[in-house]
Amino acid sequence: RKEVEQDPGPFNVPEGATVAFNCTYSNSASQSFFWYRQDCRKEPKLLMSVYSSGNEDGRFTAQLNRASQYISLLIRDSKLSDSATYLCVPLDTGRRALTFGSGTRLQVQP
Amino acid sequence: ETGVTQSPTHLIKTRGQQVTLRCSSQSGHNTVSWYQQALGQGPQFIFQYYREEENGRGNFPPRFSGLQFPNYSSELNVNALELDDSALYLCASSLGQYNSPLHFGNGTRLTVT
């Protein structure tokens, strides 16, 4: 089993829609995580840091389900500018390296 | 605040050649990590430098090596280039060694022919 698994998508949604992605992880010790956003041919940029069970920032809500070992990202009222690949990163306190998922591609359509 | 900068942005090399990629970390950040991102994949950890020492390495062969300088800038060197080394190479700086958010540079796109 991969350390981090994400549905590659693409998720094609209309503007204004609500969309959610899940990310499963294998390390049961992970208690915090990051979500990164990556535009096509650009570098990843930090979207959210979550150090507890969840976090909300405007239209974005991230939650951690420890029992089932998955992380979710919910985007409400999708904008065209939300079109990107979203990478999840569960944190392991014992490791220096961050392990990225392969990302989920979101395409918001007019 | 100065962000992470990488050079060059694009590079084309021939199999067997050597390449050096450069990175200036964000001001105030003492840790630099290098990642390789192949098309359609997430970034893969190559190694991390802290206080001019390599202190963590991913599953990459020894022909991938690096340096960190006193001003926290860094270099990634790849010897004996292979076709599979074609990828986006990302440098990221952070305030700490463990679980700190990474701030990425815009990457160097390397093509090996």
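Below, chains carry the letters A, B, ... as their sequence lines are ordered, and counting in each starts from 1.
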Using a cut-off of 6.0 Å, state whether more than 12 heavy atoms not belonging to Arg63(B) lie near its atom CZ. yes
Below 4.5 Å from any heavy atom of chain A, which atoms of Arg57(B) appear? Answer side chain, backbone, both or neither. neither
So, taking the atom named CG in Leu90(B) and the one named CD in Gln38(A), what distance separates them when rounded to the nearest 0.5 Å? 7.0 Å
Gln48(B) portion near chain A, given a 4.5 angstrom heavy-atom threshold: side chain
Quick one: what part of Tyr51(A) sits under 4.5 Å from any heavy atom of chain B, side chain, backbone, both or neither? side chain
For Pro43(B) and Leu87(A), work out which heavy atoms get closest and say how close. CD-CD1, 4.1 Å
Quick check on Gln6(B) against chain A: is it the side chain, the backbone, both or neither that has a heavy atom closer than 4.5 Å? neither
Is the number of heavy atoms from other residues, nucleotides or ligands within 6.0 Å of CZ (Arg37(A)) greater than 12? yes
A quick test of your reading: do over 12 heavy atoms of other residues, nucleotides or ligands sit less than 6.0 Å from CZ of Arg66(A)? yes
Around Asn59(B), counting heavy atoms of other residues, nucleotides and ligands shown, do more than 12 lie under 6.0 Å from its CG? no
Under 4.5 Å between side-chain heavy atoms, hopping through other hydrophobics if needed: is there a path connecting Phe64(B) to Phe45(B)? no
Linked, directly or transitively: Val4(B) and Leu76(B) (ILVMFWY side chains, under 4.5 Å): no
State plainly whether one hydrophobic cluster holds both Val4(A) and Ile71(A), where clusters connect Ile, Leu, Val, Met, Phe, Trp and Tyr through side-chain heavy atoms under 4.5 angstrom apart. no
Is there a side-chain contact between Leu98(A) and Leu102(B) in this structure, where contact means two heavy atoms from C-beta onward sitting under 4.5 Å apart? yes
Side chain / backbone / both / neither for Thr31(B) at chain A, heavy atoms under 4.5 Å: neither
Near-ring test Phe100(A)/Tyr35(B), centroid separation under 6.0 angstrom: yes
Spell out, yes or no, whether Leu106(A) and Leu73(A) are grouped together once hydrophobic residues are joined by side-chain heavy atoms under 4.5 Å, including indirect joins. yes
Do other residues, nucleotides or ligands put more than 12 heavy atoms under 6.0 Å from the CG atom of Leu39(B)? no
Do you know which of Gln6(A), Arg41(A), Lys42(A) has the most heavy-atom pairs under 4.5 Å to chain B? Arg41(A)
d(Glu43(A) CD, Gln37(B) CD) to nearest 0.5 Å is 10.5 Å
Which of residues 17-28 of chain A get closer than 4.5 angstrom to chain B, counting heavy atoms alone? none
Pair count under 4.5 Å, heavy atoms only, with chain B: among Ser32(A), Pro44(A), Gly101(A), highest is Pro44(A)
More than 12 heavy atoms of other residues, nucleotides or ligands under 6.0 Å from CD of Glu5(A): is that the case? yes
Do you know which of Leu46(A), Thr99(A), Leu91(A) has the most heavy-atom pairs with chain B at a distance under 4.5 angstrom? Leu91(A)
In this structure, would Tyr86(A) and Met48(A) fall into the same cluster of hydrophobic residues linked by side-chain contacts under 4.5 Å? yes
